[in-house]
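Only one structure is covered here, and it is reproduced in the block below.
Lettering of chains follows the sequences in order, A, B, ..., and the numbering in each one begins at 1.
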Number of protein chains: 2
Amino acid sequence: MKVRNNISNSGQVQVPTPTLRRLPGYLSYFKALKIGGVEQVSSGQIASVFKMDSTLVTKDLSYTGVKGRTKVGYNVEQLIETIVRFLDFNTRENAFLFGVGNLGRALINYQGLQHYGLNIVAGFDTDPGVINTQIRGVKIHALDDFRDLSIKTPARIGIITTPDGSAQEVADLAVAWGIKAIWNFTPQSIKVPENIIVENTSIYSDLAVILNKLNH
Amino acid sequence: MKVRNNISNSGQVQVPTPTLRRLPGYLSYFKALKIGGVEQVSSGQIASVFKMDSTLVTKDLSYTGVKGRTKVGYNVEQLIETIVRFLDFNTRENAFLFGVGNLGRALINYQGLQHYGLNIVAGFDTDPGVINTQIRGVKIHALDDFRDLSIKTPARIGIITTPDGSAQEVADLAVAWGIKAIWNFTPQSIKVPENIIVENTSIYSDLAVILNKLNH
DNA sequence: AATAAGATGTGAAATATATAACAACATAAT
DNA sequence: ATTATGTTGTTATATATTTCACATCTTATT
């Protein structure tokens, strides 16, 4: 008999990916509540904002270990702290960014990522026009300097925002020099060794869903 | 007894959202194959590239109506055409973009969207510095001009790339003047009437998944 | 004090999605 | 021609996720 029950090998509860993907949305809402001076919030309120079932909210939150009080709801401050810690948004994780085009530049400029634990420590490109420039204090290097820099300032995450055609090439390089997880913003599918994590952020998937909802 | 069986009211088969989200990925791969001169591809090949079960690939493709040939596989050209039509990437859908910051600019510059059926016809902002400028032929207007423009050149999709705080305000305006679907790139949750479609593109969700995989 | 009402939290049921099993078939090899 | 093999496509099973039902608890009201 196979037992899974959301328990992984290490004995930790395996969080469903859909839950993991919803938590940052809640978090943003809770932060807005805090700014508005709200101290308590119920699963019903949350559910109505996100148009979902309130018990699903409860279940999602229960994974983080936060405790609510009957008839009162959850403490906003506590929700924020617990979720931030649960998602590792409080730890500082270094990342390299490959491909400083419009999207790459947008990501570096996006202060949000820093507040969510992601520290882009350097950018890389092949265009002499951007090499040695700085964006918000992040220096852009020639791709050839990657090896040296990855020794000096190691990073586990590589963000790929190159033109589609270069994605695989850059990914190979990144993996060769110690990147453990690749965040791929190109639509290109990337082949990596078994132990390397790849997360694809596909704008086109979202577009497909929108168009489908609009037309059907 | 409730019957769902993936059959919607209109009698059409309801496509699972996960399938819908995977199809653009396949499409990109098929386009690359075509450029490489490959004419046939099997579900097994596709599955190995995307590290998934081959029957799931078959199922996904079957929704689009494309037919493969036993022992041969699918015709690449045919796959591309069928998926493009299935996802409505061949129709031209107008969109307004609100908030011409780094991300907004990146999206307008991103030719990809045009090739996937999305036509950003105008940008809006409140910053006098960008109003009346042009990005790749897309004119940026004052937010106040939105009403007039939405009458002249109607669009069904509104893309929100404003600072978080303005998202709701802009969404209200967009809905008031006829936008049917909102593509929200801010982490802010947005309240809209029942009949309006909202699709949230949350970078933080992807980040949460990456960090979770890295650390657990 | 007792009762009512509104909330969390949990275990069971229902639904959705993915995997497995296999039949049907087309091509290549013998 | 016949057999072997690889591949599609479909039905059945397993797993994952969401919803439902309800017990429990906390506060407010009578």
Got a sec, which residues hit side-chain hydrogen bond (donor to acceptor under 3.5 Å, both in side chains) with B/Asp172, two or more places apart in sequence or on another chain? B/Gln168
Under the side chain to side chain donor-acceptor pair (under 3.5 Å) criterion, do B/Thr55 and B/Asp53 qualify, and how do the steps go? CA-CA 6 Å; B/Thr55 55; B/Asp53 198 288; 2.6 Å; yes
By the ring-ring contact (aromatic ring centres under 6.0 Å, His included) test, which pairs, at least two apart or in different chains, include something from residues 180-202 of chain A? A/Trp183-A/Phe185
Which residues pass the side-chain hydrogen bond (donor to acceptor under 3.5 Å, both in side chains) test with B/Gln188, not counting sequence neighbours? none
For C/dG9, take OP1 and OP2 only and decide whether either is under 4.0 Å from a side-chain N or O of A/Tyr74. yes
Pairing residues for A/Tyr29 by the ring-ring contact (aromatic ring centres under 6.0 Å, His included) criterion, not counting sequence neighbours: A/Phe50
For the pair made of NZ in A/Lys67 and P in D/dT24, what is the distance, rounded to whole Å? 16 Å
Considering only NZ, NE, NH1 and NH2 on the basic side and carboxylate oxygens on the acidic side, decide whether B/Glu81 and B/Lys34 come within less than 4.0 Å. no
Between D/dT7 (C1') and B/Ile46 (CD1): distance, integer Å: 12 Å
side-chain N/O B/Thr70 vs C/dA24 OP1/OP2, d < 4.0 Å: no
Which residue pairs pass the ring-ring contact (aromatic ring centres under 6.0 Å, His included) test with at least one member in residues 186-215 of chain B, sequence neighbours excluded? A/Tyr116-B/Tyr204
State which of D/dG9, D/dT8, C/dG6 makes the closest approach to the side chain of A/Lys71. C/dG6
Between C/dT10 (P) and A/Leu56 (CG): distance, integer Å: 15 Å
Between C/dG9 and A/Ser62, is there an OP1 or OP2 to side-chain N/O distance shorter than 4.0 Å? no
Could you state the atom-to-atom distance from CD of A/Gln40 to P of C/dG6 in whole Å? 18 Å
Do A/Lys59 side-chain and D/dT19 base share a donor-acceptor contact under 3.5 Å? yes
5′-ward residue of the pair B/Gly73/A/Asp53 relative to DNA chain D: B/Gly73
If you check the A/Pro16 side chain, which of D/dA21, D/dT17, D/dT18 turns out closest? D/dT17
Provide, to the nearest angstrom, the distance between the CG atom belonging to A/Asp60 and the P atom belonging to C/dT8. 13 Å
Could you identify which residues of residues 17-32 of chain B place a heavy atom less than 4.0 Å from some atom of DNA chain D, listed by residue number, or say none? none
Distance, rounded to the nearest Å, where A/Lys51 contributes NZ and D/dT19 contributes P: 15 Å
Nearest-Å distance, CG (B/Leu61) to C1' (D/dT8)? 11 Å
Separation of C/dA18 C1' from B/Tyr63 OH (nearest whole Å): 11 Å
